[in-house]
Amino acid sequence: MPESVDAWQLIAGGDATLFAIVRLSLAVSLSAVAIAVLVGLPLGALLALTRFPGRSAMIVVLNGFMGLPPVVVGLTVYLLLSRSGPLGEFGLLFTPAAMVIAQALLVLPIIAALARQTIEDLWSEYRDELTAMGVSPAGRVATLLWDSRFSLVTALLAGFGRAAAEVGTVMIVGGNIEGFTRTMTTTIALETSKGNLPLAMGLGIILIGIIIAINAAAWGLRLWSERRAG
Amino acid sequence: MLNRRLFAAIAAFAMIAVSGIPAMAQDKSIVVASTTSTQDSGLFDYLLPIFKEKTGIAVKVIAQGTGQALDTARRGDADVVFVHAKAQELKFLEEGYGVKRFDVMYNDFVLIGPKSDPAGIAGTKDIAAALVAIKDKKAPFVSRGDRSGTHSAELNLWKAAGVDIDAAKGDWYRAIGQGMGAALNTAAAMDAYVLSDRGTWISFKNRGDLQIEVEGDKRLFNQYGVMLVNPEKHPTVKVDLGQAFIDFLISPEGQKTISEYKIDGKQLFFPDAKPERS
Amino acid sequence: MMRATPSDLPLALDGVCLRIGSTTVLDRLDLTITPGAPTLVVGPNGSGKTTLLRLCMQLVRPTEGRMSWGGRADAGQGRRAILFQKPVMLRRSAAANVCYALAQIGYPRHLRAACTHELLDRVGLADLAARPARHLSGGEQQRVALARALARQPEILLLDEPTASLDPAATLHVEEIIRTAAQSGTKIVMASHDLGQVRRLAGDVVFMVRGRVCEQATAVDFFDRPSTPEAAAFIRGDLVL
């Protein structure tokens, strides 16, 4: 990125490097959330609707993992994906895929735990009606997921916010390689270490703006569609 | 129903975004584990596009402290290491992780400090005496404390000054365990002394009240070396591409390119590759 | 539209007890519900009416005693439906709530919209079909739930004080729907403590006090010749504890 320019000039000038970085950040975080949703929603539903030994312990662990330290997740994924690690043969370390995996692990507990809570609450409300209507277990899960979709979107946004804002895992497993694994947050960290504080701050404001814009869009859609569906 | 459309849109957005990732991958690329000082000085931003233009090889730089960079290479996660702490590099070679070491260039360290200069060392040329003065005055001093090349150099300088820093360190000695830029930011905020490579100092923008206190001592010499990671240890190492990068760095053309990198008209790195490949 | 599901009638309870912890909710119930005119379950609050309906729906199982549906010990997914006293609306439109119930009995997809409309029309809510069900008033929700229950084309329709929160006009309307259902062959089992309603609808009466069946008789016998002092007191309007 050119020196002695501030963030506003970068935006106004449609700086290609900046857009590549923003695009990568969004791609990584959204992919991570998508994976976490695919795994986390069924996991949350399973925990909400089934009873098995160790379930309580699992819920406690899951809730605790909502606060997983990103650096620890990063280090763990680093050791797994490193050429010397068990998954080294895939050569994923220092690639966007590694960042997606690490962020997905970071986000998964948030989505699974919030989904578990949401679905369990709704289930206690729906249990009698659905049982009386003879709904199959799979049908129950589908119904509960669909009917709690507004709350689940909030869980999804919480997950996205965590993924988009964190720097610890992407720095470690991505390596902050220019044009390849450099995201908004690692750029901010890098510019800070270069002493380029105005640019770092400007990028930070852009990042916050993007996160707020995505949340505002989701919130608006939620209000609008909730009014229609109850 | 609207909500279905909303969900489909979110899913589609995620998929489009993901589809961009493979497009960014490079077919011909190597991973170079290097140091924060090399990256923060901007040398790579200048050098790598020229190399890519010439060879089509994309270089992915992981900027870490020298110690961490060597560890990354030990694990097989890099093809080339490009660092500046000769003792650590030789140990790396001895362990069999590197194929061969080449000198590439040098710059020098400078002792940075506040304009108020509580240790009274501004303008002196003897780094050892300056460090002793800082220790005696217990003037604030920021250490990288991260096993980086600069950290190694700092520890060697304390030794040269006859100071047992482990015994002498106190509140005045702040080991922050971070990169060069972060150390400079910290020193600027605390009006502390700090040892920096000249390249990072020249390109550093948040200087506050900091200035160069001591420079020019031969002991401040900072040699950079480059090594290919040993494919016998890690078969995934891209030998040809990595060697191409090393050959470029030590070639007359690469050396000239390095010497031409300037900030504010000041040359940051001085090429010194030996023609016979040391 | 006959389905292969075997009949759930007669529904028999044989020495059924339900204990939750140390509390006895239902105590040695012997009861047979047979096809025919509506059976009204009456009694003071807490006498076990709701629990009896939930047992019949197999939402709870007895801790002692035996139950059978058409001679089978397990009811399976029979043609039963229940209208809870406080029905829960799915977070969807009124029509989608009814349609959901149709889907659950495997009603042909292309006929569901028409059937939903017809059912909502029957309960007088055709105009509100597109409204979010949770935004409807209590009485309207009650009627959506009734449409949802009727959607199952039940052989036995269990109703738990379905008119408790309705005004007289709506009550009349709901009673009319129930009467029509009964005439077309649906067995109605309905909890109520509105004696006027019992007189209007009941073929026979199950009178419960403190978790026990105190009296079971035809409606005429129950009102004219109550055989227990509790029943007599209840009919007079005295407090039965």
Side-chain angles (χ1 to χ4, degrees), chain A residues 1-4 20 23-35 37 78-79 81-85 88-89 91 93-97 99-100 146 149-150 153 156 174-181 189-200 214 218 221-222 224-226 228-229, chain B residues 1-7 9-11 13-22 24-26 29 31-33 36 39-42 44-45 48 58-64 72 74-78 178-185 188 200 203-208 233-237 263:
Chain A
M1 200 165 293
E3 293 160 40
S4 71
R23 187 176 134 93
L24 178 71
S25 298
L26 290 178
V28 167
S29 295
L30 288 172
S31 312
V33 170
I35 292 171
V37 162
Y78 178 97
L79 293 174
L81 297 184
S82 166
R83 287 287 181 190
S84 305
E89 62 199 285
L93 193 64
F94 303 139
T95 66
M99 301 197 288
V100 171
W146 179 248
R149 59 198 179 276
F150 302 118
V153 165
L156 206 131
N176 192 22
I177 299 167
E178 183 175 15
F180 188 60
T181 58
L190 177 65
E191 293 302 331
T192 303
S193 75
K194 283 183 179 172
N196 205 342
L197 304 189
L199 180 57
I214 288 177
L221 274 169
R222 174 184 170 155
W224 191 57
S225 48
E226 203 171 25
R228 292 163 56 105
Chain B
M1 190 180 286
L2 172 99
N3 308 304
R4 268 182 229 281
R5 254 183 278 151
L6 164 66
F7 274 70
I10 291 174
F13 186 37
M15 276 155 73
I16 291 166
V18 180
S19 70
I21 294 179
M24 280 176 220
Q26 307 286 347
S29 69
V31 173
V32 174
T36 52
Q39 169 165 282
D40 292 356
S41 69
F44 285 133
D45 293 340
L48 298 183
V59 177
K60 299 175 188 165
V61 178
I62 316 290
Q64 301 168 326
T72 298
R74 277 191 186 94
R75 299 189 62 86
D77 295 320
Q178 296 184 66
M180 195 64 254
L184 284 168
N185 275 328
T200 304
S203 58
F204 187 71
K205 295 192 177 61
N206 181 37
R207 291 185 181 179
K233 288 269 186 188
H234 297 289
T236 51
V237 169
I263 290 180

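Chain naming here is simple, since letters A, B, ... match the order of the sequence lines and numbering starts at 1 in each.
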Closest non-hydrogen contact found for Thr192(A) with Asn185(B) is O-ND2, 2.5 Å
The interface call for Val61(B) against chain A, heavy-atom contacts under 4.5 Å, is backbone
Any residue meeting side chain to side chain contact (heavy atoms under 4.5 Å, CB included) with Thr95(A), in chain and number order, not counting sequence neighbours: Leu92(A), Ala97(A), Ala98(A), Phe180(A)
Separation between CG of Asn206(B) and NZ of Lys194(A), rounded to the nearest 0.5 Å: 14.0 Å
Side chain, backbone, both or neither: which part of Thr72(B) has a heavy atom under 4.5 Å from chain A? both
Looking at every non-hydrogen atom in both residues, tell me the closest pair between Ser82(A) and Asp77(B) and how far apart they are. OG-OD2, 2.5 Å
So do the side chains of Asp40(B) and Leu190(A) get within less than 4.5 Å of each other, counting heavy atoms only? yes
Hey, could you give me the OG1/CD1 distance between Thr181(A) and Ile62(B), rounded to the nearest 0.5 Å? 6.0 Å
Less than 4.5 Å to any heavy atom of chain A: does that hold for the side chain of Arg74(B), its backbone, both, or neither? backbone
At a 4.5 Å cut-off on heavy atoms, which part of Gln39(B) comes close to chain A: side chain, backbone, both, or neither? both
Search all heavy atoms of Gly76(B) against all heavy atoms of Ser84(A) and return the closest pair with its distance. N-OG, 4.3 Å
By side chain to side chain contact (heavy atoms under 4.5 Å, CB included), Ala189(A) pairs with (sequence neighbours left out) Val167(A), Met171(A)
When every non-hydrogen atom of Arg75(B) is compared with those of Gly85(A), the smallest separation belongs to NH2-N, 4.2 Å
